[in-house]
Colleague: 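Quick one: the structure is below, questions incoming.
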Amino acid sequence: MRPLIEFCSSNMHHGTAQVMKLLEANPDYDVLEYGCLGNCGECYAGPYALLDGQFIGAETAAELLARLEEAIAALYPK
């Protein structure tokens with residue numbers, strides 16, 4: 001099974017576009033962008049993504065990337 005990471009296009013102004021591009025470069029990840037993920041309050045407040053349907057939020061895009069990578073490593077040990 002591969003990690004599924006979902007991004008909201010309305011959240012890209014928080015810097016998540018760069019996070020998404022970095023994760024898309026990994027062939028072991030499935031990365032998708034949607035027009036809306038239904039987390040409008042969170043979307044407005046800061047960068048976030050869904051990892052296998054679970055909300056992962058952060059204060060900055062760099063912190064989001066670190067949290068996603070940490071969560072992926074915990075869920076998908078090599």
Side-chain angles (χ1 to χ4, degrees):
M1 190 166 163
R2 296 159 45 112
L4 173 60
I5 307 155
E6 300 168 287
F7 290 90
C8 176
S9 63
S10 297
N11 191 252
M12 296 300 168
H13 65 281
H14 288 292
T16 54
Q18 291 82 1
V19 175
M20 186 176 76
K21 286 180 185 179
L22 287 170
L23 296 172
E24 282 178 326
N26 188 326
D28 294 328
Y29 300 163
D30 289 326
V31 179
L32 299 172
E33 178 183 351
Y34 293 100
C36 181
L37 292 173
N39 293 297
C40 297
E42 297 292 339
C43 187
Y44 177 76
Y48 86 98
L50 299 180
L51 173 60
D52 295 335
Q54 181 177 347
F55 180 90
I56 307 285
E59 293 289 321
T60 67
E63 184 182 344
L64 176 63
L65 179 60
R67 286 186 178 185
L68 285 166
E69 290 176 337
E70 181 181 300
I72 290 168
L75 291 171
Y76 300 90
K78 292 185 178 184

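Fair warning: this is a prediction, and the values are worked out from it, not measured in the lab.
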Colleague: Please round to the nearest 0.5 Å and tell me the distance separating atom CG of Leu65 and atom CE of Met20.
Modeller: 13.0 Å
Colleague: I'd like to check the side chain to side chain donor-acceptor pair (under 3.5 Å) partners of Glu59; sequence neighbours left out, ordered by chain and number.
Modeller: none
Colleague: Using a 4.5 Å cut-off between side-chain heavy atoms of Ile, Leu, Val, Met, Phe, Trp and Tyr, which other residues end up in the same hydrophobic cluster as Leu32?
Modeller: Leu4, Tyr34, Leu37, Tyr48, Leu50, Phe55
Colleague: Please give me the minimum heavy-atom distance between Thr60 and Pro47, naming the atom from each residue.
Modeller: C-CG, 3.5 Å
Colleague: Return the minimal non-hydrogen interatomic distance between Pro3 and Leu51, and the atom names on each side.
Modeller: CB-CD1, 4.0 Å
Colleague: For the NZ atom of Lys78 and the CG atom of Asp28, what is their distance to the nearest 0.5 Å?
Modeller: 6.5 Å
Colleague: With rounding to the nearest 0.5 angstrom, report the CD1 to CD distance, Ile5 to Glu69.
Modeller: 9.0 Å
Colleague: As an exercise, state the distance from CD of Glu70 to CG of Leu75, rounded to the nearest 0.5 Å.
Modeller: 10.5 Å
Colleague: Hey, is the main chain of Tyr44 close enough, under 3.5 Å, to the side chain of His13 for a donor-acceptor pair?
Modeller: no
Colleague: How many angstroms lie between atom CD of Gln18 and atom CG of Leu64, to the nearest 0.5 angstrom?
Modeller: 11.5 Å
Colleague: Looking at Gly35 and Cys8, what are the two nearest heavy atoms and their distance?
Modeller: O-SG, 3.7 Å
Colleague: With rounding to the nearest 0.5 angstrom, report the CZ to OH distance, Arg2 to Tyr76.
Modeller: 10.0 Å
Colleague: Locate the shortest heavy-atom distance separating Glu42 from Asn11; write the atom from each residue and the value.
Modeller: O-ND2, 4.4 Å
Colleague: In this structure, which one of Lys21, Glu6, Glu24 forms a side chain to side chain contact (heavy atoms under 4.5 Å, CB included) with Val31?
Modeller: Glu24
